[in-house]
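Here's the structure we're looking at; comments come further down.
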Amino acid sequence: MIDRRFLLMNADLIRVYLRKSATFITLSGIVDKFRISGGRALHGRDSISGAKNSALPCMAAALLTPETVTLHNIPYVRDIITQRRLLEDIGATVLTPELRTHKITAAHVELFEAPYELVKTMRASVLALGPLLARFGKAKVSLPGGCAIGTRPIDLHLAGFEKFGAEVKLEAGNVVARAPSDGRLRGADIHFGKVTVTGTENLMMAATLARGYTTLRNAAREPEIVDLADLLNKMGARVNGAGSETIQIEGVESLGGAEHTIIPDRIETGTFIAAAALTQGELEIKDCRPDHLTSVISQLISVGVVIKEVNPTTLQVTCPDGLKAVNVSTAPYPEFPTDMQAQYMVLMTQAQGRSEIVETVFENRFMHASELQRMGAQIQIEGRTAIVDGPTTLNGARVIASDLRASASLVLAGLIARDETLIDRVYHIDRGYEKIEAKLRAVGANIERIIAPVTAAQSSEFNVQVTPTREQAEA
Ligand code: UD1
């Protein structure tokens, strides 16, 4: 048995060591798991962190200027650590005077590439492409990985760069892009064949330094797009229309430093609303932006969740009369988000009647369904539709998180399941939720993180179990 305190304090170090040393004595890995004892109603207050999906492009935007970009309300999640490492590898300096503030200065960029090792763990690394190409006239980014939810191409990003006059080639798994011979992109009129969030962000960033005017049509309208545009405009860019289908950008010669606060995470907010409703508790959710969740709130109200806006940044959630089945279909903002589909599915397992959940944004985004079925849920998948019959009692089980939002749904299921649920591979949830177990514990959930180094032979056994204190969890 390895000392618990040593493990907890050195978990990150051990993970790095294990990644680098395939032959490390007998340990084959260190894997965090969640153990949840279900059945407790959640009561109290939780605060929402900054939006990961806004912080990632805003961090990439810092590559557009040699001056310092200061970002506040950055969530403390793994994708942010990956993005920070990417910026530092490229040559930027990133200071964190406070845990959730990043001061990024990309004055001495020497490397114009995002390597496979980083990009494979996080698809949003591709956001380095637009800023690098626009400012330095060249960029090389490995083709992205990230969540295992369909093929997720980046063809629309690349077609856009070509319209800006760049030469784009695929070489040995990398995208290699070069600006025209004068080193500067040319503004263009671009129509996205499909709404793409990071595609819109990438081209919007590139257009800020392009020569002339750019129009992005059928652009994504997510609040994260508006947040990025706000930052870019603070840096001296001329972006109009963000939040609508048509964004117009007048290119400028250069951009400067700026200070900006990242918007609250609307998906974390939605996940906590679901947690309160499922456990029939009462949660006050602070520091959120209900106006970014209009479709989620109206859908959840239609199934029986009572959501009151205490003030413009606080919601109070209860579910006194149970849930009823209502169909939903995911679609780009402002419609119901694909990032809430898995959590909604758990709600529907507890709802009276049959509901159909149609996933229109991503293929292959129902991987959580089979894990929920193992817990007793009645779900049939027919193509892009999940048919859920409820209510069913969920039973604790050993389940595996397959992607970020799927993991959130398994945590929700664990909160209401009979007995104990053990969720494996919670590194997926750590990519996007800040200390979800600490936040849930603070409102009464019985959830703990288990840090377990395992040998190949012992991979099904846990020989070390650690429950961090509140201070340790928030460190
Ligand atoms: C972003 C979010 C992710 C969310 C998704 C949809 C970030 C960091 N991630 O991902 O959490 O689930 O939006 O709201 O913001 N597509 C193409 N070609 C392209 C680009 C996209 O065919 O070049 C397709 C995708 O395969 C998918 C759809 O368009 O079917 C939407 O994808 P997109 O909006 O690009 O998702 P991301 O920006 O990767």
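Each ligand, and each atom within it, is numbered from 1 in the order the structure gives.
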Which part of [X] is near ligand 1, with near meaning a heavy atom under 4.0 Å away: side chain, backbone, both or neither?
{"X": "Thr338", "answer": "side chain"}
{"X": "Arg123", "answer": "side chain"}
{"X": "Asp339", "answer": "side chain"}
{"X": "Arg365", "answer": "side chain"}
{"X": "Val195", "answer": "backbone"}

TODO: Kindly assign one of parallel, tilted or perpendicular to the pair Tyr344 and Phe336, based on the angle between their ring planes and the thresholds 30° and 60°.
DONE: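 Perpendicular, since the angle between the ring planes exceeds 60°.
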
TODO: Just say parallel, tilted or perpendicular for the rings of Phe366 and His368, cut-offs at 30° and 60°.
DONE: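 Ring orientation, 0 to 90° scale: perpendicular.
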
Out of [options], who is nearest to [atom] when you count heavy atoms only?
{"atom": "atom 27 (C) of ligand 1", "options": "Phe362, Tyr333, Phe192", "value": "Phe362"}
{"atom": "atom 38 (O) of ligand 1", "options": "Thr198, Leu56, Thr360, Leu127", "value": "Thr198"}
{"atom": "atom 8 (C) of ligand 1", "options": "Asn53, Leu404, Val126", "value": "Asn53"}
{"atom": "atom 21 (C) of ligand 1", "options": "Gly160, Gly432, Pro153, Ala159", "value": "Pro153"}
{"atom": "atom 29 (O) of ligand 1", "options": "Met340, Glu224, Glu222, Lys194", "value": "Lys194"}

Give the atom numbers and elements of ligand 1 that come within less than 4.0 Å of a heavy atom of [X].
{"X": "Val361", "value": "27 (C), 28 (C), 30 (O), 31 (C)"}
{"X": "His157", "value": "23 (O)"}
{"X": "Ile154", "value": "19 (C), 23 (O)"}

- [ ] Please check if any side-chain donor atom of Thr70 sits under 3.5 Å from a side-chain acceptor atom of Lys103, or the reverse.
- [x]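 Their side chains do contain a donor-acceptor pair, which is all the 3.5 Å distance test asks for.
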
With a 4.0 Å cut-off, would you call [X] and [Y] a salt bridge?
{"X": "Glu371", "Y": "Arg374", "result": "yes"}
{"X": "Lys439", "Y": "Glu268", "result": "yes"}
{"X": "Asp79", "Y": "Arg123", "result": "no"}

Only pairs under 3.5 Å count here: list side-chain donor-acceptor contacts from residues 189-203, not counting sequence neighbours, and write none if there are none.
unit_1 : atom_1 : unit_2 : atom_2 : d
Asp189 : OD1    : Arg217 : NE     : 2.8
Asp189 : OD2    : Arg217 : NH2    : 2.8
Thr196 : OG1    : Gly199 : N      : 3.0
Thr200 : OG1    : Thr196 : O      : 2.6
Thr200 : OG1    : Ala220 : N      : 3.1
Asn202 : OD1    : Gly130 : N      : 2.9
Asn202 : ND2    : Val126 : O      : 3.0
Asn202 : ND2    : His157 : ND1    : 3.1

Open item on the list: Is it the case that over 12 heavy atoms from other parts of the model lie below 6.0 angstrom from the CZ atom of Arg184?
Closed with: yes

Open item on the list: Checking side chain to side chain contact (heavy atoms under 4.5 Å, CB included) between Phe112 and each of Arg178, Lys140, Lys138, which is the one that passes?
Closed with: Lys138

Contact (N/O only, under 3.5 Å) between [X] and ligand 1:
{"X": "Asp155", "answer": "yes"}
{"X": "Val197", "answer": "yes"}
{"X": "Leu156", "answer": "yes"}

Task: Side-chain heavy atoms of Ile267 within contact of Thr271, under 4.5 Å - done: yes

